[in-house]
Amino acid sequence: MKAFREYDLIYSVVMSIPRGMVATYGQVAEIAGLPGHARQVGYALKVLPDDSGVPWHRVVNAKGGISKRLAPNYEQEQRILLEAEGIEFNRDDRISLEKYQWTP
DNA sequence: TTTATGGCTGTCA
DNA sequence: ATGACAGCCATAA
């Protein structure tokens, strides 16, 4: 029986991110106990249902920006959600990780 | 099983 | 600062 997957771990970490803060894929993977699985984190969020209650928008890449994905619409969606949480973007469409990156 | 793809990251020039 | 490269590994066909 294998009812537990890596994704559940990832989701737990993402849901642990406080409002108004963000975390990188690599960071989430590391906290979840899956170092080096940064891409899988992205994959986990990709297959994640919208009504799962997971703040996937709080997860950004190492550059503190929004990565390009298969569906360009989501990029806008994520930015809007982040701004709604009080996170501001720079001119380069990036977030100040020094200020907003979540550190447990 | 092998191949290809993917919401990444770190290092090097 | 920006661009190119290799490494990490799960999922789908």
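Chain naming here is simple, since letters A, B, ... match the order of the sequence lines and numbering starts at 1 in each. Just the heavy atoms: all of them, side chains too, but no hydrogens, waters or symmetry mates, feed the values below.
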Report the distance from atom [atom1] of [X] to atom [atom2] of [N], rounded to the nearest whole Å.
X	N	atom1	atom2	value
A/D93	C/dA1	CG	P	16 Å
A/N90	C/dA1	CG	P	12 Å
A/D8	C/dA10	CG	P	15 Å
A/K63	C/dG3	NZ	C1'	11 Å
A/L34	C/dC9	CG	P	11 Å

request  = Nearest 0.5 Å please: distance from the CD atom of A/E75 over to the NZ atom of A/K68.
outcome  =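 Rounded to the nearest 0.5 Å, the CD-NZ separation comes to 7.0 Å.
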note = To the nearest 0.5 Å, atom CE of A/M21 lies from atom CG of A/L82 at 12.5 Å
Sub-4.0 Å heavy-atom contacts from residues 13-24 of chain A onto DNA chain B, ordered by number =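 DNA chain B contact set from residues 13-24 of chain A: A/T24.
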note = In numerical order, the residues of residues 54-62 of chain A whose heavy atoms come under 4.0 Å of DNA chain B are A/W56, A/V59, A/N61, A/A62
Does any part of the side chain of [Y], heavy atoms only, come nearer than 4.5 Å to the side chain of [X], both counted from C-beta?
X	Y	answer
A/W56	A/L81	yes
A/H57	A/Y74	no
A/Y7	A/V47	yes
A/F89	A/I95	yes
A/R79	A/D93	yes

ask   = Just by modelled atom types, is the A/K63 backbone N or O under 3.5 Å from a matching donor or acceptor in the A/N61 side chain?
value = yes
request  = Ignoring hydrogens and angles, tell me if any N or O in the side chain of A/Q78 forms a donor-acceptor pair with the backbone of A/V59 under 3.5 Å.
outcome  =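 The answer is yes, because a donor-acceptor pair under 3.5 Å joins these two groups.
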Please give me the minimum heavy-atom distance between [X] and [Y], naming the atom from each residue.
X	Y	value
A/P104	A/Q27	CD-NE2, 4.1 Å
A/G86	A/Y100	O-OH, 3.9 Å
A/L97	A/A62	CD1-O, 3.3 Å

query = Could you write out DNA chain C as a dot-bracket string, with dots for unpaired bases, | for bases paired across to another strand, and Watson-Crick or G-U pairs counted at under 3.5 Å?
reply = .||||||.|||||
ask   = Does CD in A/E30 sit with more than 12 non-hydrogen atoms of other residues, nucleotides or ligands closer than 6.0 Å?
value = no
Please output the side-chain donor-acceptor pairs of residues 9-16 of chain A that fall under 3.5 Å, not counting sequence neighbours, one pair per line with the distance.
| from | atom 1 | to | atom 2 | distance (Å) |
| --- | --- | --- | --- | --- |
| A/Y11 | OH | A/A44 | O | 3.0 |
| A/S12 | OG | A/D8 | O | 2.9 |
| A/S16 | OG | A/S12 | O | 2.7 |

Taking only N/O atoms, report every protein-nucleotides 4-8 of chain C pair under 3.5 Å with atom names and distance.
| from | atom 1 | to | atom 2 | distance (Å) |
| --- | --- | --- | --- | --- |
| C/dG7 | O6 | A/R39 | NH1 | 3.4 |
| C/dC8 | N3 | A/R39 | NH1 | 3.2 |
| C/dC8 | N4 | A/R39 | NH1 | 3.3 |

message = Reading DNA chain B in the 5' to 3' direction, which nucleotide is the first one with an atom under 4.0 Å from a heavy atom of chain A, and which is the last?
response =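 Here the contact window of chain A covers B/dG6 to B/dT9.
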ask   = Yes or no on side chain to side chain contact (heavy atoms under 4.5 Å, CB included) for A/Y25 and A/L45, after CA distance, side-chain angles and deciding distance?
value = CA-CA 10 Å; A/Y25 291 95; A/L45 296 178; 3.9 Å; yes
